Amino acid sequence: MLPALTSLTALIALLSGPIQAATANADTSKASDATDAPSPTSRKLDNITVTGSRSPMRLADALGDLTLITRDDIERQAYGSLPDLLRNVAGIEMTRNGSAGANTSLFVRGAETRHTVVLIDGVRVDSQSTGGADWQNIPLSQIDRVEVLKGPASALYGSDAIGGVVQIFTRRGNGRTQLELGLGGGNLGASRADASITGGSRRFDYAATLAMDRGTGFNSYVRTGTSSSNPDKDGWRNYSGSVRLGGWLNDAHRLEAVAFKSRTNSGYDASKTADDRNITTTESGRLAWTGVWSPALSTELSLSESRSELETRPTSLYLTRTRLRTATLLAFYKLDEHQQINTLLERREDQLVNNSLVNNGKDDRYDNAFGLSYLLKAGAASLQLHGRHDDDQQFGGTNTGTAAAGYQLGAGWRATASVGNAFRAPTLYQRGSTYGPDLNLPGVQALRPERAHSAELGLNWSAAGHEFTITTYRNEVRDLIAFGAAGTCPSTVGCYGNVARATLKGTSLKAGTQLGLVHLSGHLDFSDPTDDSTGNTLARRARRFGSLRADTELAAWTFGATLQASGARWNDATNKTRLAGYGLLNLDAGYRFAPDWRVQFNVDNAFNRSYQTTTYYAQAPRTWMVTLRYSPTF
């Protein structure tokens with residue numbers, strides 16, 4: 001079945017486009033809408049984004065490979081957590097060890113999961129133990145919008161942005177009070193409920209959301225005859241909440257506070273007899289002050305903190321805690337209507353608590369950074385220059401930069417190009433645990449940052465509701481940190497070292513078109529993530545993958561279908577254990593039976609395909625969910 005699905009995706013990809021946003025927040029998109037009713041493509045290109053330059057910018061002017069996902073997309077297409085949504089985005093692959101609450105990795109353009117910056121309302125979330133965000137612990141119920149920037153971005157965001165940046169925005173109040181209640185249920189013992197209230201006035205706005213998501217799940221570990229073989233159901237429970245309060249002190253100054261918390265308790269198999277659990281907690285908070293000092297100058301000062309905790313029990317007792325604190329000052333100065341200069345001052349403090357750390361189970365560090373950007377848009381030409389210097393307490397200074405240019409060729413065509421570099425600092429666990437280098441041994445050096453150099457070319461065409469984009473990229477990553485042979489650290493099992501290098505290259509096709517009442521969109525990725533030392537394909541990454549979506553509206557009904565296809569991949573670095581390719585069909589339908597009431601139907605993996613993204617761990621069988629939503633406006 002897979003060859004047919006892949007061929008179908010390839011044939012239709014040229015008529016399809018990215019599964020991404022149709023509109024941004026109402027308060028930022030109104031100024032962009034044309035007087036005449038614009039096409040779906042033009043509305044999408046007029047959205048306001050912030051991730052590509054850390055300042056407001058129309059999506060049409062962005063020079064990076066940027067994707068938007070809105071709340072409407074989330075409710076119509078997604079089942080599960082954030083990774084289930086992002087796997088429909090060009091250039092992104094997902095692996096998961098079982099059910100929705102299990103450990104999850106996301107590969108952006110083939111880069112490791114730790115090579116993607118994750119922000120929740122501008123707050124960086126990361127684990128200084130495992131490296132990377134706890135993807136499975138970010139529930140869809142809290143999300144209003146997602147911006148995905150693909151490609152190195154350390155010149156804007158510092159450490160970690162080798163593969164890209166995923167920024168998540170929770171709900172925000174805007175105008176009249178809006179209440180929304182949701183209640184859903186499905187197979188695998190799944191149930192969910194959420195409640196949110198948003199609103200505000202000219203001076204004050206507020207938003208708050210509470211949500212619960214749980215399921216009895218299925219037996220995710222399918223390898224029999226082992227000590228961890230336990231044919232029980234590995235279910236999950238997630239509870240989450242977020243709040244946002246904002247107020248204008250006067251017409252030029254605004255204060256805003258946001259907070260988010262999510263806790264997931266999920267089952268996994270570590271023994272034949274115990275009900276083993278992963279308990280993951282993610283918290284973030286931010287206080288920001290924005291000021292407009294003149295028509296040309298505005299600033300934003302923010303203080304933020306995030307906490308990430310992972311606990312396992314009862315068979316393997318393990319606890320690790322990460323705390324990140326950041327203070328950021330951004331200034332935006334418009335030289336004229338075509339040019340802008342942005343500056344950044346930032347201090348980041350990392351702390352890790354973990355029993356494997358040599359220094360009494362605790363370690364910390366700080367990083368001070370200065371950044372400068374120049375943005376130009378003059379006629380058909382666009383230019384963005386970003387530079388940043390990071391001074392890390394442990395390994396010293398790092399300079400990063402990005403140069404991007406775009407040009408409108410006419411007849412709806414636009415060409416873009418960029419070059420840049422990025423880095424990922426070693427985690428506190430890699431440097432300070434029993435597996436980190438022992439600097440007292442002769443000839444042993446401290447871990448160095450992982451570094452990347454990239455180049456990217458893009459060509460986009462859009463006209464009258466049709467769009468096509470081709471992007472090709474090459475990202476060379478050096479000094480990759482891998483777990484190698486013993487001898488340079490206190491452990492006799494093995495040690496971390498800068499022993500690997502990889503080349504991540506590929507081409508991504510995205511397209512969209514309107515065929516009568518049906519809108520088609522999709523992507524097809526040709527990826528070549530290679531271990532340079534062996535020539536092998538990097539583990540758990542496919543060379544071909546894509547998706548195709550069709551959706552339409554008929555009176556009070558909406559209908560949609562998404563086809564996801566992935567080629568084969570290798571489970572291991574030696575390319576000896578093969579994971580078969582797969583194709584999945586997901587269906588959705590919605591019906592608004594009253595002005596304030598609607599019902600949503602979702603069926604994922606409609607053909608009940610059996611597949612694995614990690615050896616011995618089954619993925620979800622056919623799942624269905626019915627959700628009732630009530631959303632009155634007062």
Side-chain angles (χ1 to χ4, degrees), residues 9-24 28-49 51-53 56-70 73 88-91 147-151 337-338 375-384 404-418 455-473 506-526 546-552:
T9 306
L11 287 172
I12 305 180
L14 295 179
L15 299 176
S16 52
I19 301 175
Q20 51 193 30
T23 56
T28 59
S29 61
K30 288 180 180 177
S32 303
D33 291 338
T35 303
D36 297 329
S39 68
T41 298
S42 67
R43 283 199 300 266
K44 177 177 65 181
L45 295 178
D46 280 340
N47 282 322
I48 303 299
T49 68
T51 306
S53 63
M57 175 177 291
R58 293 194 319 143
L59 178 60
D61 296 331
L63 296 179
D65 189 355
L66 188 63
T67 297
L68 293 180
I69 306 171
T70 65
D73 298 312
N88 289 322
V89 174
E147 298 182 7
V148 182
L149 175 65
K150 284 154 281 182
E337 61 178 332
H338 303 298
L375 312 179
L376 170 67
K377 180 171 173 55
S382 300
L383 176 68
Q384 294 182 18
Y407 192 81
Q408 297 285 353
L409 302 173
W413 289 94
R414 184 183 189 226
T416 59
S418 66
E456 175 181 318
L457 294 173
L459 185 64
N460 171 264
W461 173 79
S462 60
H466 310 287
E467 183 181 12
F468 170 76
T469 301
I470 180 171
T471 305
T472 185
Y473 59 89
T507 299
S508 182
L509 303 174
K510 301 180 291 185
T513 189
Q514 190 75 27
L515 298 179
L517 296 176
V518 178
H519 183 255
L520 289 176
S521 59
H523 74 90
L524 180 62
D525 276 85
F526 300 88
S547 70
L548 173 66
R549 177 166 175 82
D551 57 73
T552 189

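Quick caveat: nothing in here was measured; it's all calculated off a predicted structure.
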Check D65 with K510, please: is the shortest side-chain N to carboxylate O separation under 4.0 Å? yes
How long is the span from the OG atom in S508 to the CG atom in L524, to the nearest 0.5 Å?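 Between atom OG of S508 and atom CG of L524 there are 8.0 Å.
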Atom pair CG (D61) and CG (L66), whose distance is rounded to the nearest 0.5 Å: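 If we round to the nearest 0.5 Å, D61:CG and L66:CG are 11.5 Å apart.
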Heavy-atom closest pair, residues [X] and [Y]:
| X | Y | result |
| --- | --- | --- |
| H519 | S521 | CE1-CB, 3.9 Å |
| L383 | A405 | CD1-CB, 4.3 Å |
| L63 | A404 | CD1-O, 3.4 Å |
| G91 | D525 | N-OD1, 3.1 Å |
| L149 | G52 | CD2-CA, 4.1 Å |

With a 4.5 Å cut-off on side-chain heavy atoms, are [Y] and [X] touching?
| X | Y | value |
| --- | --- | --- |
| L459 | L409 | yes |
| R549 | N88 | no |
| S382 | R414 | yes |
| R58 | I48 | yes |
| K150 | V89 | yes |

So among T51, N47, T49, which one has a side chain to side chain donor-acceptor pair (under 3.5 Å) with E147?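 Testing E147 for a side chain to side chain donor-acceptor pair (under 3.5 Å) against T51, N47, T49 leaves exactly one candidate, T51.
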Counterpart residues, side chain to side chain contact (heavy atoms under 4.5 Å, CB included), relative to S53 (two or more places apart): S55, M57, L375, Q384, H386
Expected output: side-chain H523 to main-chain L509 donor-acceptor under 3.5 Å: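 No, the answer is negative, given that no donor and acceptor are paired below the 3.5 Å cut-off.
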What pairs with T469 under side chain to side chain donor-acceptor pair (under 3.5 Å), at least two apart in sequence or on another chain?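 With neighbours one apart ignored, the set is N460.
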Angle class for the H466/W461 ring planes (parallel below 30°, perpendicular above 60°, tilted otherwise)? parallel
